[in-house]
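Contents: one structure, followed by commentary.
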Amino acid sequence: MDVPRTTDAARELRADLVERAAALRPLLSGNADPTDRERGVPAENIDALAEAGLLSLMRPARYGGLQTDLRTLLEVGREVGRACGSTAWVTSLLNANAWFVGLFPAEAQDDVWADTPHARVAGVVTPSGTARVVDGGYRVSGRWAPASGCAHADWAVLGVNRPDAEGTSDAVGIVLAPMSQLTIEDTWFVAGMRGTASNTLVGEDLFVPAHRFHSVPGAIEGRYATPFTDEALYRAPFVPTAALVLTGPQLGLAAAAVDLLVERAPGRALTLTNYTSQAEAPTIQLAAARAASLADSARLHAYRAADDIDEAARAGVFPDYDARARMRMDAGMAAVHAREAVRVVCSAQGASSFGESNPLQRIWRDIETGSRHAVLNPEVAAEIYGKSLFGIRGTVSVMV
């Protein structure tokens, strides 16, 4: 099947956005330690990202957004992740939640952006709340975590169960609520990705109009409520997209670790050996080669899936179950390879990798945490994919 390819204009925009992200790296890396230590991305980072257009990648062009594609989001996330894992995670998630909003009916999208086109969206799609049917909509209560980026958001996407719709495609959904109706509990005390401030959102008996509900089973099967069916970005498959958006920051962390090894090894001796420069030691050379190759493998898996998603979306083709299973496998393998690249670098650099003044320890903590997000679980992804290769479908999880 012939499918539309990325246009020259889209490639030029992508390259420009990555360059904008690269230009911010000195600022973001300079703030990386305080971001981690103070458990939050500073406003200076968010303002710089917004000014560069990097928080509008997935917002519809109808509201002034850039409405790019998944590959662009991954490349930007990687570049930001080379400077700061937490900032990259927040960047990716704020954009990803804007994409979720783009699946809703037009009236819901207007609620978010018509009067405030720069509104940012955080969220948790796990159905941790309950929606009770009332006249004109729902009464929603629940606790939602981890809500990455919620400190910088104006709206939230919230996963809910609907007991009244049990057994139907509306039994599980996502709803939209303004942050002004929610409270944030400071619960994000973790070893890595500390700066994401992925705290808990709490809502009690919120009124949500009916047009701000979207069926999750419907979305998983490609039935989106947006009437703007000519917008390719919002035709991308729900689960593979939700998984892949998490890989961009991890690609950046792996690249940052390899960069540090290559930068520092020439000026350091290899302890308890005759090598005065680690760069001359075969053990370090082999470690560098392995780490760099693993980082490349992570990127190749993630970019392959992103390109397949983007091309299918442009063609108006919804990927079948087997294709989506492979995409989820690609996301899981990207996380595994990126994590292993960082581990190899830390082992090559020895115990000094974990000194508080060494950025490697922060990179290691961030990727060990971020790569274990449930939707990236490589064992679950492998079981889904392996079964699909034998024609066994739908027995592990609906999240495919």
Under 3.5 Å, which donor-acceptor pairs link side chains of residues 112-127 to any protein atom two or more places apart or in another chain?
residue, atom, partner, partner atom, Å
W113, NE1, A119, O, 3.1
T116, OG1, V112, O, 2.9

Under 3.5 Å, which donor-acceptor pairs link side chains of residues 242-260 to any protein atom two or more places apart or in another chain?
residue, atom, partner, partner atom, Å
T247, OG1, L244, O, 2.7
Q250, NE2, L246, O, 2.8
D259, OD2, R82, NH2, 2.9

- Item | Pairs touching residues 187-197 that satisfy side chain to side chain donor-acceptor pair (under 3.5 Å), sequence neighbours left out | T187-T200, W188-T196, T196-S198
- Query: After noting the C-alpha distance and the side-chain angles of V41 and H152, does the key distance pass the side-chain contact (heavy atoms from CB on, under 4.5 Å) rule?
  - Reply: CA-CA 9 Å; V41 176; H152 310 286; 4.0 Å; yes
- Item | Those residues that, when tested against R62, pass salt bridge (Lys or Arg N to Asp or Glu O under 4.0 Å) (two or more places apart) | E231
- Hey, does Q278 have a side-chain heavy atom less than 4.5 Å from the side chain of T283? no
- Side chains of M179 and I184 in contact at under 4.5 Å (non-hydrogen atoms): yes
- Query: Can you tell if the side chain of F213 reaches within under 4.5 Å of the side chain of Y138, non-hydrogen atoms only?
  - Reply: yes
- Are the side chains of V140 and T130 in touch, meaning some heavy atoms are under 4.5 Å apart? no
- Note on the structure: side chain to side chain donor-acceptor pair (under 3.5 Å) filter on E221, not counting sequence neighbours, yields R223
- Query: With distance as the sole test, does T87 use its side chain to make a donor-acceptor pair with the main-chain N or O of C84 at under 3.5 Å?
  - Reply: no
- Message: Membership question, hydrophobic clusters at under 4.5 Å side-chain separation (ILVMFWY): are F228 and L103 in the same one?
- Response: no
- Message: Between R20 and E79, does any side-chain N to carboxylate O distance fall below 4.0 Å?
- Response: no
- Query: What pairs of residues pass the ring-ring contact (aromatic ring centres under 6.0 Å, His included) test when at least one of them lies in residues 267-306, not counting sequence neighbours?
  - Reply: H301-H337
- Message: Taking atom CZ as the centre, does F189 end up with more than 12 heavy-atom neighbours from other residues, nucleotides or ligands that are less than 6.0 angstrom away?
- Response: yes
- Message: Under a 4.0 Å threshold between the charged nitrogen and the carboxylate oxygen, would D320 count as salt-bridged to R324?
- Response: no
- Message: Taking the side chain as everything from C-beta on, heavy atoms only, tell me whether C346 gets closer than 4.5 Å to F354.
- Response: yes
- Note on the structure: Applied to residues 196-213, the salt bridge (charged side-chain N to carboxylate O under 4.0 Å, His left out) test, sequence neighbours excluded, yields D111-R212, R132-D205
- Which pairs, with at least one residue in residues 380-399 and sequence neighbours excluded, count as a side chain to side chain donor-acceptor pair (under 3.5 Å)? D322-R393, E383-K387
- Considering only heavy atoms from C-beta outward, does the side chain of V202 approach that of L182 to under 4.5 Å? no
- Determine, using the 4.5 Å side-chain heavy-atom cutoff (strictly less than), whether F100 and L201 are members of one ILVMFWY cluster. no
- Query: Between R343 and E340, does at least one N-O distance fall below 4.0 Å, as a salt bridge requires?
  - Reply: yes
- Task: Nearest 0.5 Å please: distance from the CG atom of L54 over to the CG atom of L24.
- Result: 6.0 Å
- Can you check whether T72 reaches L17 side chain to side chain, under 4.5 Å on heavy atoms? yes
- Query: Hey, what else clusters with L294 if you join Ile, Leu, Val, Met, Phe, Trp, Tyr whenever side-chain heavy atoms sit under 4.5 Å?
  - Reply: V344
- Item | Aromatic centroids of Y224 and F104 separated by under 6.0 Å | no
- Message: Test question: given the 4.5 Å side-chain rule for I, L, V, M, F, W and Y, name all other residues clustered with V134, or answer none.
- Response: F207
- Note on the structure: Sorted by chain and number, sequence neighbours left out, side chain to side chain donor-acceptor pair (under 3.5 Å) with Q285 holds for none
- Message: Quick check on D186: does its CG atom have over 12 non-hydrogen neighbours (other residues, nucleotides or ligands) under 6.0 Å away?
- Response: yes
- Task: Could you list the residues that satisfy side chain to side chain donor-acceptor pair (under 3.5 Å) with E185, not counting sequence neighbours?
- Result: R143
- Charged N to carboxylate O under 4.0 angstrom, R71 versus D307? yes
- Quick one: does S352's side chain get under 4.5 Å of R268's, heavy atoms only? yes
